[in-house]
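What follows is a single structure, written as structure tokens, with notes after it.
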Amino acid sequence: MIKTIDRLLDHQTMYRLVLYYLIALLGTALVLGFLKLVPHDPVMLAFTTGLMLAACWITNRVFAAVFKVPANTESVYITALILALILDPVAATDLKGICAVVFACVWAISSKFILAIGGKHLFNPAALGVALTALLLDQPASWWVGGNLPLLPVVLFGGLLMVRKLRRLDLVATFGVVALATILATTEPSQYAAALTQTLGSSPLPFFAFVMLTEPLTAPTTRWPRIAFAAIVGFLFAPNIHVGSFYFTPELALLTGNLFAYAVSPRGRFVLTLERIEQSAVDSYDFIFRSPRKLAFQAGQYLEWTLGLDRSDNRGNRRYFTVASAPTEQSIRLGVKFYPQSSAFKQMLGAMKPGSTIHASQLAGDFTLPANRQTKIAFLAGGIGITPFRSMLQYLIDSRERRPIVVLYGAETQQDIAYRDVLGAARRELGIRTVLAVARGAERGQYPGYIDARLVRLAIPDYLERTFYISGPQAMVKALRDTLLGMGIRRSKIKVDYFPGFA
């Protein structure tokens, strides 16, 4: 069952999954409204949702044109639908309510542009929009999505899918534990049962955790800062936390956490200019970009890449790809494999010419070399999954840093083997051995077939002493992880290359 769910999730981008989740929540709310199971009139809810979608879309188009950046339509819809789920619906005759709704939408979208530093927006857009609406127009958010018990199953089911997709269980769990602990610590013991019942069943806590807290652009990108961020927001989320007469609301708790996230996270959006394209293997190409300023990153990390598509498909105009270049190189290298039916994003990427530009942001990832240089490592790569290892090996070559590494690289054919030059240099200069596993047409000295337990035992006799890094197609990564676990390798010694929005 879990494998089936993962397979379905792997074919959806993170943004598309969030969009589907929010549509499902609003659709369910509309149905429940007609059945009189939620307090809001479905006609008002439909009108308000349409108004928010229009206001957000127009605002985004205007600011995208002024700031000359790609318009991310999915992000616009997501922000609008979140606002529709946390602000009370308004009637078509309620001029004051309409003004408040439009005000929240305009500020939510515009904050991505005008409250951005280095091209990176500082605050969660929806949280800022409702906070300013409450402060300036005295129209606070009701967070009604969290106060309706009939909606809770949809909130929980979709939210758990989100957490599974994003691999953010540590973030959500830390927030939940700290929030509940703080609520109990500020509640009379005789009221514990009532406080827990209300918090878990009639508060915005689940929706807030699954949707608002996990928003990747305003949360820390590495594990321990991410956990600290969740703890800060969880503490401030508790309704009894206050400074004098000032009490925190959910949106203010998140905005405070956003400030912490900005302080500890890599900053800025980069506009990269294409210098040249190099073919690394059959159907695989490296796009080599020039950056206006130095990108500080660790070998093995990834970026979110954005193109301004005139006509996007269902996978949107944003992708996460590992940075294939090393931190020691001057250019930024993006390694991509193209398939016969590529997405609109890859089609436009493939059509780029020298001088074309692409936007890169949200540097993140923990798939990096261990701090201890003596740690024995095994790199297991499949196909274009060699890109993070290309980054790491080139970094070690440039730094003249020796580490006990063995590389197992699986490919379908000889033509699918990428970065032969870097693999060869790593062997010559650092003594890092690469064993090639070729499924069809293996040559002398290569392993015929795919990477499996037999190859691991043959090529790495001390495999129980090593930390394994696995990168490649998701099916391969999962299969190899299970294989290694079956060979007695501890879970803590297996790292997999993961980033959100795999599709």
Side-chain angles (χ1 to χ4, degrees), residues 2-3 6-7 9-10 164-167 169 222-223 281 284 298-302 320-324 335-337 364-370 372 375-396 403-412 416-419 422-423 426 432-439 446-447 449-503:
I2 294 297
K3 290 183 178 179
D6 284 341
R7 188 161 54 250
L9 293 178
D10 286 343
R164 181 70 182 177
K165 171 70 175 180
L166 295 172
R167 306 296 197 271
L169 180 59
T222 51
R223 187 165 186 263
S284 296
Q298 296 182 62
Q301 290 189 302
Y302 63 83
Y320 289 91
F321 291 115
T322 300
V323 181
V336 179
K337 184 175 179 63
D366 298 314
F367 196 73
T368 55
L369 290 166
N372 185 354
T375 300
K376 291 184 175 181
I377 306 171
F379 290 161
L380 274 56
I384 200 61
I386 192 68
T387 51
F389 302 135
R390 191 265 177 209
S391 175
M392 295 179 194
L393 293 174
Q394 188 63 55
Y395 169 75
L396 295 175
R403 291 197 183 219
I405 297 174
V406 176
V407 181
L408 304 186
Y409 182 14
E412 283 292 328
D416 290 298
I417 300 171
Y419 306 128
V422 176
L423 296 172
I432 295 176
R433 182 167 56 97
T434 296
V435 178
L436 297 173
V438 181
Q446 298 175 345
Y447 185 77
Y450 299 101
I451 300 173
D452 54 17
R454 179 172 179 268
L455 176 57
V456 172
R457 290 190 178 98
L458 286 173
I460 314 173
D462 59 349
Y463 64 88
L464 290 175
E465 302 173 15
R466 292 190 178 258
T467 296
F468 283 79
Y469 286 62
I470 314 173
S471 176
Q474 287 294 292
M476 184 212 84
V477 170
K478 292 169 184 173
L480 280 178
R481 187 173 181 273
D482 291 342
T483 296
L484 295 176
L485 290 172
M487 295 172 66
I489 296 168
R490 295 197 306 273
R491 218 173 273 272
S492 62
K493 298 188 73 173
I494 302 174
K495 293 176 69 71
V496 299
D497 189 18
Y498 168 79
F499 38 85
F502 177 75

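- With a 4.5 Å cut-off on side-chain heavy atoms, F379 and M392 count as touching.
- The local environment of OH in Y395 is sparse, with at most 12 non-hydrogen atoms from other residues, nucleotides or ligands closer than 6.0 Å.
- By the 4.5 Å heavy-atom criterion applied to side chains, L393 and L423 are counted as neighbours.
- Atom CD1 in I460 sits 7.5 Å away from atom CG in L455 (nearest 0.5 Å).
- The nearest pair of heavy atoms linking A381 to I386 is CB-CD1, 3.7 Å.
- By the 4.5 Å heavy-atom criterion applied to side chains, V407 and V435 are not counted as neighbours.
- Atom CD1 of I417 sits about 11.5 Å away from atom OG of S284, to the nearest 0.5 Å.
- For the pair I377/L369, a side-chain contact is recorded, criterion being any heavy-atom separation below 4.5 Å from C-beta on.
- A salt bridge does not link D366 to K495: none of the charged side-chain nitrogens sits closer than 4.0 Å to a carboxylate oxygen.
- Side-chain contact between F468 and R481 is absent, with no heavy-atom pair separated by less than 4.5 Å.
- We find that D482 and K478 are not joined by a salt bridge, their nearest charged nitrogen and carboxylate oxygen being 4.0 Å or further apart.
- V336 has its side chain out of reach of T387: every pair of non-hydrogen atoms, C-beta onward, lies at least 4.5 Å apart.
- The CG atom of L380 lies 5.5 Å from the CG atom of L480; values are rounded to the nearest 0.5 Å.
- Within the 4.5 Å cutoff, no side-chain heavy atoms of V406 are placed close to those of I432.
- Judged by distance alone, the side chains of Y409 and Q446 never bring a donor and an acceptor atom under 3.5 Å apart.
- Proximity of a side-chain donor or acceptor of R490 to a complementary backbone N or O of L464 within less than 3.5 Å is not detected.
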Could you check V323 against Q301 for side chain to side chain contact (heavy atoms under 4.5 Å, CB included), going step by step and ending with a plain yes or no? CA-CA 6 Å; V323 181; Q301 290 189 302; 5.8 Å; no
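- Rounding to the nearest 0.5 angstrom, the gap separating the CZ atom in R403 from the NZ atom in K376 is 15.0 Å.
- Side chains of D497 and Y302: no donor on one and acceptor on the other come within 3.5 Å.
- Aromatic ring centres of F367 and F389 lie closer together than 6.0 Å.
- Here the CD1-NZ distance, from I384 to K337, works out to 7.5 Å after rounding to the nearest 0.5 Å.
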